[in-house]
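These figures come from a predicted structure and were not determined experimentally. Only this structure's heavy atoms are used, side chains among them; waters, hydrogens and symmetry mates stay out. Numbers restart at 1 for each chain; the letters A, B, ... are given by sequence-line order, proteins then strands.
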Amino acid sequence: GIQVEQSPPDLILQEGANSTLRCNFSDSVNNLQWFHQNPWGQLINLFYIPSGTKQNGRLSATTVATERYSLLYISSSQTTDSGVYFCAAPGNAGNNRKLIWGLGTSLAVNP
Amino acid sequence: NAGVTQTPKFRILKIGQSMTLQCTQDMNHNYMYWYRQDPGMGLKLIYYSVGAGITDKGEVPNGYNVSRSTTEDFPLRLELAAPSQTSVYFCASSYSQGAYGYTFGSGTRLTVV
């Protein structure tokens, strides 16, 4: 099945800094999603981005499906951005219900 | 609008006991999912449902059962609890195949001793 790898595993930033998180996947996908888990465990869906670029406030994501990677950009980071960022892709082509999750990037933003 | 509600938030079980984790959503989502998250890991899909009366296995279904008698409710049943089932369990829902985003419950932290 598909493998989803994220880097870096851990990241520490000072408030105001920018960062790029990477997600590599081993096979072609038609669905790539980014999620944020805050320090209290709550999970939020950030982006559904099978290809191209999307932006939501200070966050944006780009997926290059032909090269099997996606990037999540965080600009002007804030302490509330802390937590774990996951990407996930379908385990089977055509079955978007069975998402395979990466191990996440743990982000700490210090004031 | 409550979103996805999971109960209980915490539970300690003894080996061999059974329990049901409850999940209810009020958004009329047709797709619902149960995931488990082990420490330092991503989520693994246990079971999912594409509508009332329809369920299917995910990555790690062994030791669990589900039912979907209504659109709103998707309970997860643990029979004969084992220490390997110690985890945080998340229920989620979506309109369709995730294109419109998932809404997650707040999680249930289960410890089996």
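Using a 4.5 Å cut-off between side-chain heavy atoms of Ile, Leu, Val, Met, Phe, Trp and Tyr, with links allowed through other members, A/I49 and A/L46 fall into the same hydrophobic cluster. The hydrophobic cluster containing A/F35 does not contain B/W34, counting ILVMFWY residues as joined when their side-chain heavy atoms lie under 4.5 angstrom apart, directly or transitively. Cluster membership for B/Y48 and B/F90, using ILVMFWY side-chain heavy atoms within less than 4.5 angstrom, is shared. A/L32 and A/L59 fall within the same hydrophobic cluster, defined by Ile, Leu, Val, Met, Phe, Trp and Tyr side-chain heavy atoms under 4.5 Å apart, directly or through other members. Criterion: ILVMFWY side-chain heavy atoms under 4.5 Å apart, direct or through other members. Under it, A/L43 and B/L76 are not part of a common hydrophobic cluster.
Using a 4.5 Å cut-off between heavy atoms, A/Q37 touches chain B through its side chain atoms alone. At a 4.5 Å heavy-atom cutoff, A/F47 makes no contact with chain B through either its backbone or its side chain.
To the nearest 0.5 angstrom, B/Y102 atom OH is 3.5 Å from A/L99 atom CG.
Contacts between residues 16-26 of chain A and chain B, counted as heavy-atom pairs separated by less than 4.5 Å, involve no residue at all. Residues of residues 101-111 of chain A lying within less than 4.5 angstrom of chain B, judged on heavy atoms, are A/W101, A/G102, A/L103 in numerical order.
Counting non-hydrogen atoms of other residues, nucleotides and ligands closer than 6.0 Å to CD1 of B/I12 gives a total of 12 or fewer.
Counting heavy-atom pairs closer than 4.5 Å to chain A, the top residue among B/M41, B/R109, B/K44 is B/M41.
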